[in-house]
Amino acid sequence: MSTATVALTGCLALAVAALVTLVTRRARRPRSRAPGRGADVLSSCWFLACVVALVCVSAAAQLHVRGTGPLTRLAADGATVVVVGVVRAEPEAVGTGSGGGAPRRTTVVAVEAVTGRGATVRVSALVLVRGGAELVVPYGARVELRGRLGPGQPGARESAVLAVDGAPRVLGPPGMVDRELGRLRSTLLEVTDGFPADARGLVPGAAVGDTSRLPADLDEAMRVAGLTHVTAVSGGHFAVLSSTVLGLAALLGLPRWARALAVGAVMTWFVLLVHPEPSVLRAAAMGLAGVVGLLVGRPSRAVPALAATVVVLLVVDPWLARSYGFVLSVAATGAIVLLAPRLAARVRGLVPHWLALAIAVPVAAQAACGPVLLMLQPTLSPYAVPANVLAAPALVPATLLGVGATVTGPWAPEVAGLLARGAAGATWWIATVARTFAGLPGASVAWPGGAVGAALLAGLTAAVLGILVRGGRSRSEERA
């Protein structure tokens, strides 16, 4: 979508907001009438129009910055350049070269200066760097890279793509914070180095989202079983950590402000540990919104918090609107705070409360995320819900013990080893569940892809959930 289109959409939204304001003022002239449902609808339309306008203004401004400047012009010309910047993503393997050659890697660099066409200019933009096996640099390091620039992918956050042939030249080490946090991550890898293959990959994945050593067959099994969220830094990680901190703070009798301060400090530290990339910031915000909803026990309060979080994230980073991860996080969080309590109430008379909630949460999340996942891959995972229910008891110890091993590794290797072994036991169960369900008949069922398939699944899911929820209401009314 072009900058002009986004800006025009924002102007239209502002016009709608102004029109709604005018209509609302005229409707309120006869003060004898109390505001009714029509006034509520108008207020909602006004608020929605203002939000759309705000997001579009932010998107248009950032699109304009991204589409102009010397870096964009050099990328359009395919120029050979030298860039200087700071590494802002862990190098990621993306397969092998042509003919099965050396592995290829990508990373993201926040460019500070670019030299090309005989001139050096200062810039501020993200660039996706593609290279070979030598593209291994520590997060936060200041580097110099030489290669050929190309235009960034449409809708991508990075302004350009830099194809490099040689190793980057490190101009400066990471800052103190990045260096110490990097030491924590590397120590966790050292502590788990002698573990079996599944634990070597899953313990760092469950703790800090490091999937560099995850076996390919286990990765596929977790995808089929619907357990990929275990090794992706998601709202679940932040929910587990913040809930644990809140519980400990409550046991210590800390006042509410101290509890909030403790949760904020731990979540900030964890964001820095797993790197403050947009997906991590989104997960932190979604996890915080989910914890707020569970704490207050009032969906009516959690939903406005979730909506405000989404709006703020989109204003700050409009590129999230094109992120499947963002959509999945919002859908899952909304389903957990809105749908899960109703589903839990439906089966609460048949099973204990904790089990009802353990069943309701993955059912609600899967129901909301299923249509979105179809847009990525046109297959269904029929066993995703039972797999998540069975794996859920191991998720908390795998995360907490893994993070504990990460924290204690540099100062108490023996303690870190014990904690890592406990995390390995929990991840053994997760791997067992994933492989078992992935090996069952019909573990992956083909489904129509695209918008048609997603709409079909959404309609079917809504019908089934409607029957379940209404059935629960009818039974409650009969008991009353």
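FYI, the numbering just counts along the sequence from 1.
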Close side-chain approach of [X] to [Y], heavy-atom, < 4.5 Å:
X: V84; Y: V143; value: no
X: M267; Y: L241; value: no
X: E158; Y: V127; value: no
X: V109; Y: V86; value: no
X: F238; Y: T399; value: no
X: V263; Y: L246; value: yes
X: L128; Y: R130; value: yes
X: P168; Y: L135; value: yes

Tell me the closest heavy-atom pair linking [X] and [Y], and the distance in Å.
X: Q62; Y: P318; value: NE2-CD, 3.1 Å
X: D178; Y: G140; value: OD2-CA, 3.7 Å
X: V403; Y: F270; value: CG2-CE1, 4.1 Å
X: P91; Y: V136; value: CG-CA, 4.1 Å
X: A199; Y: P204; value: O-CD, 3.8 Å
X: P382; Y: P386; value: O-CD, 4.3 Å

Would you say [X]'s side chain and [Y]'s backbone share a donor-acceptor pair under 3.5 angstrom?
X: N388; Y: G226; result: yes
X: S323; Y: L320; result: no
X: T406; Y: L184; result: no
X: R146; Y: V164; result: no
X: R200; Y: D193; result: yes
X: R259; Y: L254; result: yes
X: T231; Y: G205; result: no
X: S381; Y: V224; result: yes
X: R88; Y: H275; result: no
X: W429; Y: L395; result: no

Could you check whether atom [atom1] of [X] has more than 12 heavy atoms from other residues, nucleotides or ligands sitting under 6.0 Å from it?
X: E112; atom1: CD; value: yes
X: R179; atom1: CZ; value: yes
X: R213; atom1: CZ; value: yes

Hey, could you give me the [atom1]/[atom2] distance between [X] and [Y], rounded to the nearest 0.5 Å?
X: E90; Y: S212; atom1: CD; atom2: OG; answer: 8.5 Å
X: W428; Y: L202; atom1: CH2; atom2: CG; answer: 13.0 Å
X: S159; Y: L71; atom1: OG; atom2: CG; answer: 6.0 Å
X: D219; Y: L214; atom1: CG; atom2: CG; answer: 5.0 Å
X: T379; Y: W447; atom1: OG1; atom2: CH2; answer: 12.0 Å
X: L273; Y: R185; atom1: CG; atom2: CZ; answer: 6.0 Å

Worksheet item: Got a sec, which pairs hit salt bridge (Lys or Arg N to Asp or Glu O under 4.0 Å) with one end in residues 430-442, sequence neighbours left out?
Response: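 Sorted pair list: D198-R435, D217-R435.
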Fill in: Partners passing salt bridge (Lys or Arg N to Asp or Glu O under 4.0 Å) against E180 (at least two apart in sequence or in another chain)
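Testing E180 for salt bridge (Lys or Arg N to Asp or Glu O under 4.0 Å), a comparison that skips the adjacent residues, returns R183.
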Fill in: For R223, salt bridge (Lys or Arg N to Asp or Glu O under 4.0 Å) partners two or more places apart
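Scan of R223 (salt bridge (Lys or Arg N to Asp or Glu O under 4.0 Å), adjacent residues dropped) gives E220.
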Practice prompt. Check each of V51, V52, V55, L54 against L314 using the side chain to side chain contact (heavy atoms under 4.5 Å, CB included) test, and report the only one that passes.
Written response: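 Between L314 and the candidates, side chain to side chain contact (heavy atoms under 4.5 Å, CB included) is satisfied uniquely by V55.
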Practice prompt. Evaluate the criterion salt bridge (Lys or Arg N to Asp or Glu O under 4.0 Å) for residue pair D317 and R157; output intermediate values, then yes/no.
Written response: CA-CA 9 Å; D317 186 4; R157 183 178 286 102; 2.8 Å; yes
Discussion item. Using the rule given for side chain to side chain contact (heavy atoms under 4.5 Å, CB included), can you reason through V129 versus L145, listing the C-alpha separation, both sets of side-chain angles and the distance that settles it, and then say yes or no?
Written reply: CA-CA 9 Å; V129 181; L145 304 110; 3.9 Å; yes
